[in-house]
Amino acid sequence: MNVGEWVIILQMGLVYGIVTIGIFMSFRVLNFADMTCDGAFVLGGCVAAGGVKNGLPIPLALILAFLGGGIAGWTTACLHNYCKITDILAGILVAFMLYSLNLRIMGGVPNVTLGSIDGCGMTLALAGVIVVWAVGYLLMSDFGLALRGLGQNRHLARSYGIPAANTIAIGLALSNGLIALGGAFFVLTQNFCDIGGGAGTLVVGLASLIIGEKILSFRSPAVAVAACVVGSVVYRLLIGFALHSDVLSLRSSDLNFITGLLIVGVMATRGRRQRCYL
Amino acid sequence: MLSLKNISVSLGGQRVLDGLDLEVAKGEFVVIIGANGTGKSTLFNVISGTLPPARGRIAIGEIANNFRQVTRVFQDPRVGTVGNFTIFENMVLASNRHKKYRLIPFANRKRREFFRERLATLGMNLENRLDDLASSLSGGQRQALSLIMSVLGEYEVLLLDEITAALDPRSSEMVMALANKIVSAEGKTCLMATHNMHHALNFGGPLLVLRNGKFDKSFTGSEKQKLSPADLIETFICQ
């Protein structure tokens, strides 16, 4: 592999690292199987692309993308809390509806090309550090403990006065905000936004999450957040090596199959986990 | 302190509580017995606010529906504690009961010292295991932890819902003695539901028998002294 490829691996690792932290928030912390992910990822990309096209400064476009994802996550939480829709279906519905919304944001065309943007790598690295620190700090706070407590034991959380509906809403808003932020960075580093770009985001995120947990298996939630980014970079490395190996003679279209196998393999060998979706 | 007036609850078309009245004075320790399905757990769900009654009024400390002042120990210690949390994390969660959740780091020395002191009163060496997972404790230890947790925050009414039902005889005696010690030390109002006739007679004050959705018999603390477990079992059989 040449230097350019290494840079791309690191870049993609970081972009999907932020996404993985979002998935960690919903699947692990809240124990909520949130399928909004694929839609929120594209939403973030569309908002950022639209923002940059209309001359917004990049940080502002990123913040808008984060907020957009937050609203999507909040909507999923509301469907679950107030319309009594199961967590999986609520997320699927929101992601489904986001498709139309995303097309609207992109002005009715399925893909948008942006001009080359300078300084994205630095912004991405900075954002990565801020996100890891902020989410780590949050999870180590009283509020974070309540979030985790709610995910672990709803009965107890209720009995100890944790407001379930609001806490889930905040958790999912944050989770999808991060996923959308990842989507925004994906578009800004690729200079390209596609309506179908979100397919499989969840699975890639889960694979990264599992790899990260294997490498850094500590209980501390702050370490677990860092492990998401590490897992994501390692996932990209593994994919990079697999595609370069002459022995395996793989094509990039084989990726989905291999990623799926990886997840099944890890989950099958890990043994029993109580009341966890993953 | 705790006042229930004319409480009725129906679950799945079945009337579980039917015009139930209850008055408990501050600091009183009331024991409730009743066969399975007579509504003990439903009553506790009503008092803790998780099940709004179809009819009736609840007042805690003269204030209607003041459920924040009610704390509860569950039958299953796996429900009363978070298995994946350390003892310390469990206690922080419990001590924040009904408080606004803040963005300050949850671990600090002051809390550790305070929890260590509280755990030391158990005499189970748990004070030196603050960073062990709750799931690594035995059933009795875990129930003792959930007892301590339930009285960490502010409260006026403590509900003990068959807290020894899931434990072996030895742990069961240990947890019951501990509960009794905590109730007398705290001096708060306490309601205990139990299927253990010895516990019903040997601990607490007034004894109430729940049947067909209301209190069917009641014994004051001194009347209770004259009863034997056999007498109590008879009240169950003669329905």
Side-chain angles (χ1 to χ4, degrees), chain A residues 24-25 27-32 130-131 133-171 173-174 213 217-225 270-278, chain B residues 41 44-45 47-51 66-86 88-108 111 131-136 142 145-146 149-155 158-159 161:
Chain A
F24 168 78
M25 289 283 296
F27 272 75
R28 278 282 187 270
V29 175
L30 278 175
N31 202 12
F32 189 106
I130 292 174
V131 166
W133 179 83
V135 176
Y137 180 86
L138 181 83
L139 291 180
M140 298 299 280
S141 72
D142 273 4
F143 176 72
L145 195 71
L147 272 179
R148 290 160 58 210
L150 184 71
Q152 294 281 329
N153 188 337
R154 300 259 155 129
H155 269 291
L156 183 81
R158 195 171 182 181
S159 160
Y160 281 108
I162 297 170
N166 289 340
T167 312
I168 290 176
I170 294 172
L174 206 58
E213 284 173 347
S217 63
F218 294 97
R219 256 202 85 253
S220 161
V223 178
V225 173
R270 191 172 44 186
R272 196 169 58 96
R273 273 189 100 94
Q274 268 188 327
R275 283 182 294 108
C276 262
Y277 279 108
L278 189 73
Chain B
S41 289
F44 278 11
N45 286 339
I47 298 175
S48 59
T50 51
L51 181 69
N66 187 18
F67 301 119
R68 287 170 170 240
Q69 294 297 334
V70 181
T71 184
R72 181 175 187 175
V73 182
F74 294 92
Q75 176 177 346
D76 186 346
R78 283 172 301 184
V79 178
T81 54
V82 180
N84 259 338
F85 274 16
T86 61
F88 178 70
E89 288 170 333
N90 268 296
M91 293 184 82
V92 175
L93 195 68
S95 66
N96 280 336
R97 205 173 77 87
H98 283 300
K99 282 191 190 150
K100 271 230 172 297
Y101 287 93
R102 291 172 301 167
L103 286 176
I104 55 161
F106 70 78
N108 65 50
R111 280 179 173 171
D131 295 319
D132 287 5
L133 291 183
S135 57
S136 73
R142 211 163 153 179
L145 174 64
S146 77
M149 282 166 61
S150 68
V151 297
L152 271 181
E154 254 181 60
Y155 75 99
L158 171 65
L159 303 178
D161 189 1

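Below, read A as the first sequence line, B as the second, and so on, with proteins coming before strands; counting in each chain starts at 1. Keep in mind that this is a model prediction, so the values were computed, not measured.
Across A/F24 and A/V225, no two heavy atoms sit closer than the pair CE2-CG2, 4.0 Å.
Residue contact with chain A, scored on non-hydrogen atoms closer than 4.5 Å, involves the backbone and the side chain of B/T50 alike. Only the side chain of B/F74 comes within contact range of chain A, with at least one heavy atom under 4.5 Å from a heavy atom of that chain. Both the backbone and the side chain of B/S150 come within less than 4.5 Å of a heavy atom in chain A. Contact annotation for A/R148: both backbone and side-chain heavy atoms come within less than 4.5 Å of a heavy atom of chain B.
With rounding to the nearest 0.5 Å, the separation of OG1 in B/T86 from CE in B/M91 is 10.5 Å. Atom CZ of B/R72 sits about 11.0 Å away from atom CG of B/L158, to the nearest 0.5 Å. Note: B/N45 CG to B/D161 CG = 7.5 Å, rounded to the nearest 0.5 Å. The distance from the OH atom of B/Y101 to the CG atom of B/L93 is 5.5 Å, given to the nearest 0.5 Å.
Listed by chain and residue number, nothing satisfies the salt bridge (Lys or Arg N to Asp or Glu O under 4.0 Å) test with A/R158 (two or more places apart in sequence, or in another chain). Scanning for ring-ring contact (aromatic ring centres under 6.0 Å, His included) contacts around B/F88 gives B/F115, with sequence neighbours left out. Remark: A/F218 pairs with no residue by the ring-ring contact (aromatic ring centres under 6.0 Å, His included) rule, at least two apart or across chains.
Heavy-atom neighbours of chain B within the stretch residues 162-169 of chain A, taken at a separation under 4.5 angstrom, comprise A/I162.
Counting heavy-atom pairs under 4.5 Å between each of B/K100, B/M149, B/K99 and chain A puts B/M149 at the top.
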